[in-house]
Amino acid sequence: MPGPAPDQRMRPEGRRNTQGIRIDPEAEATHEPRMAVLSALVKHEPGVLSEVSSLFSRRQFNIESLTVGPTQDGDTARMTIVIEEPEPGVQQAKKQLRKLIPVIDVEELESAAMRRELALIKVAGDRPGDVQAVAEMYGGDAVDASKDAVTVEITGSKQKIDAAIEAFEQFDVLEIVRTGAAALERGSKTMDSTTMESDN
Amino acid sequence: MSERASIPKRDPEEVPERENGIEEVTTGSQSVIAALEQAGVEHAFGVQGGAIMPVYDALYDSSINHITMAHEQGAAHAADAYGIVTGEPGLAMATSGPGATNLVTGIADAAMDSDPLIALTGQVATDFVGNDAFQETDTTGITMPITKQNYFADHSDTVGDDVSEAFALAEKGRQGPTLVDLPKDITKGETDQWPNPPKTPETHDEPVEADESAVEAAVTALEDAERPLILSGGGVVKSEASEELRSFAHEQEIPVITTMPGLGTFPETDDLSLGMAGMHGTGAANMAVTNCDVLLGVGTRFDDRLTGGVDTFAPDADIIHVEIDPAEISKNIEADYPLVGDAKRVLEQIDDAMTDAPEADQWREQCQIWTEEYPLTYETPDDEPLKPQYVVETFDELADDDAIVTTGVGQHQMWAAQFWTYEYPRTWVSSNGLGTMGYGVPSAIGAKIGAPDTEVVAFDGDGSFLMTIQELSVAVRENLDITYVVLNNEAIGMVRQWQDGFYEGRRMASEYPWVPEFDKLAEAFGARGFRLEEPEDVEETIQAAREYDGPAVIDAIIDPAENVFPMVPSGGDNGLFALNEQHLEMI
């Protein structure tokens, strides 16, 4: 004799959301995406950037920017990865990064961490004096000038660069190139591979 | 029966004497082979080719037994199955280009099931790399997402160490496939460097013990549970934790369900066993997982074939998740009590910390009621046409208790999971995560090489069998005593079942009325072939196939109308499993 049909079976009252998180029906909460700055210390070897970037693409993390460069130690490089993800996605990105063999350590930087990016902005060269004046307002400098064009370098936070680019729109902007963010924690705190965080 | 069907067993006296391993390292290839011997590799599965020739040449002097497969995919699956059965990494070898790409499916399969596997691939000489040279592919690039780690060997002095590290990584922590790409000039190049013993890199840090305070908290939740349940996954096999799991479940009297890779981790004959959960799991297991209040998941990644829709999975339960890979914690199902560590050790920790067993008499009674209400069964109005479930059940009764079952992928795989009674770990060898049709024939070869004294039974479907049927030639050449059972319904049956259930019966490209007669094909390969059509012949045919000393193929012509139930539709609610087509319409 077969047991009860689907609609007559014992059912619990609980529920989970689509992220697999058990929810309180009284106070249903969902995680909104947030910006997270991950800093990864990796072995400075061929293929590591490709490994990290392909991890991010195949796991569908919403990546904002990724920069990489050598550190004071010739054998390691430091990556700064900015992602916009709900909380579970941020945690998952950190854990998946840590699994990669060339990755020595991964930390999420506090929101107060120093974040800098660089932009080179090429504008038409008919008002070089005005261009230099605007550049100085943003702590930047004209780094190349020719008869037809002036190129300005601006360094700073994403917001500052956004604002500078807006200001340069009064000139005829020919080309813009921006790096992603490079970031470091404030104060004396450094990333130490012997004190791996555990995010369970 | 053809003459070749009884190829005599090779007389051990006739086998030419082998050198007992590499004695001197003068080339990169010899260093590669020395690394393998040092790691304890006994068997290799592979296919020769241009770029890998120097390595094979060094293998000529080795103690490692090489099994030449018909296709590289077969080599990867055989090595994968060898790894499952023995717990030691299996070794697959292929040449560059197409050899390497043919391995890809097998490597991906091993990755999804966290099976220990090492792939060695030939590569064009470093001067040619990047030039689209003959038989060149970017093998490390292609396999990056499906390996735990891969290596491009760039120096003859260090190539042996690359192989050693690949070996260590494949078997340590969360197991998985690794690959070493071997450019021809590197393997031919001179070196006198003996490889170092296998060792994982320093950045690879996998925890063994879970945090004590986390264990305490989890144990408190478990002690207070009214409806506790254990979910045993493939990680229990990998960490050899089956004994610990059994004794813990018995001591605390907690019912146990398994995932598909977890089959055999808890004996299905045990009163506490509710069987396999998930899409084609038992009614009892799916009712229990839906209604439990604390779920102790051990060595599982909460795959969607297990959970169904995550919003309806164990919706009332606190989840205790024992897992060696931190990235699996809260990936699919949020863990309330994450216990990161090796399953064997963490189960010991939990066992030590438990003071009171949960009071769950009523819950156990309820689980028992579900077992009685939803037995695995099939309708046999007049026993005809032949029912696949009956074939599996009968074979199970006749086979040795510790027989190893391997499968292809499809309906037959589910019947083999449902109607065979698993009692021991490492007796279920299947493509669980990737679902690779064609896994059956070569995996049985790898399993038999890994466990030569154990009975090996391979269930396959006609569609799946056709995908790697050429590997039968290997089973014949090696005279492997394997019984293949093709549950032949002239279709990719699982697809047809879905088309009937969810695509209004529009059977696009799922019916195979042109499949060959597999018994005759088996004879052509030199194996023994049997055709099985009548229910009354099942026992006799199986016994004859079992008694044949060599590979035998039973072409079992089964009822094409038979489908796999219970079933939870993809992304559905485990508690609302369908027992038949009418139920499917209700949910």
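Order of the sequence lines sets the chain letters (A, B, ...), proteins ahead of strands, with each chain counted from 1.
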Closest heavy-atom contact between [X] and [Y]?
| X | Y | answer |
| --- | --- | --- |
| A:Ile101 | B:Leu169 | CD1-CD2, 3.7 Å |
| B:Asn291 | A:Arg11 | OD1-C, 3.7 Å |
| B:Ile587 | A:Pro6 | CG2-CB, 3.4 Å |
| B:Asp316 | A:Pro12 | OD2-CB, 3.3 Å |
| B:Ala314 | A:Arg16 | O-NH2, 3.0 Å |

Heavy-atom donor-acceptor pair, [X] side chain to [Y] backbone, under 3.5 Å:
| X | Y | result |
| --- | --- | --- |
| B:Thr203 | A:Ile104 | no |
| A:Gln92 | B:Ala327 | yes |
| A:Arg9 | B:Met287 | no |

Is it the backbone or the side chain of [X] that comes under 4.5 Å from a heavy atom of chain A, or both, or neither?
| X | value |
| --- | --- |
| B:Phe577 | both |
| B:Pro145 | both |
| B:Ile333 | both |
| B:Gln366 | side chain |
| B:Ile319 | side chain |
| B:Asp325 | side chain |

Inset, instruction - For each of B:Gly309, B:Gly173, B:Ala317, B:Gly283, tally heavy-atom pairs with chain A at distances under 4.5 Å, and name the one with the top tally. - result: B:Ala317

Legend entry - Pairwise distance CG(B:Asp336) to CD1(A:Ile21) - rounded to 0.5 angstrom: 10.5 Å

Legend entry - CE-CD distance between B:Met144 and A:Glu51, expressed to the nearest 0.5 angstrom: 5.0 Å

Legend entry - Check: A:Pro102 and B:Gln149 side chains under 4.5 Å, non-hydrogen atoms: yes

Legend entry - Residue pair A:Lys95 / B:Lys331, side-chain heavy-atom distance below 4.5 Å: no

Inset, instruction - Heavy-atom distances under 4.5 Å only: say whether A:Pro46 touches chain B with side chain, backbone, both or neither. - result: neither

Legend entry - Engaged part of A:Thr18 at the chain B interface, taking heavy atoms whose separation is under 4.5 Å: backbone

Legend entry - Among the listed options A:Pro88, A:Ala5, A:Gly89, the residue most often paired with chain B at heavy-atom distances under 4.5 Å: A:Ala5

Inset, instruction - Output yes when B:Asp318 and A:Arg22 qualify as a salt bridge under the 4.0 Å nitrogen-oxygen rule, no when they do not. - result: yes

Heavy atoms of other groups near [X] [atom1], more than 12 under 6.0 Å:
| X | atom1 | answer |
| --- | --- | --- |
| A:Glu84 | CD | yes |
| B:Glu209 | CD | yes |
| A:Gln8 | CD | yes |

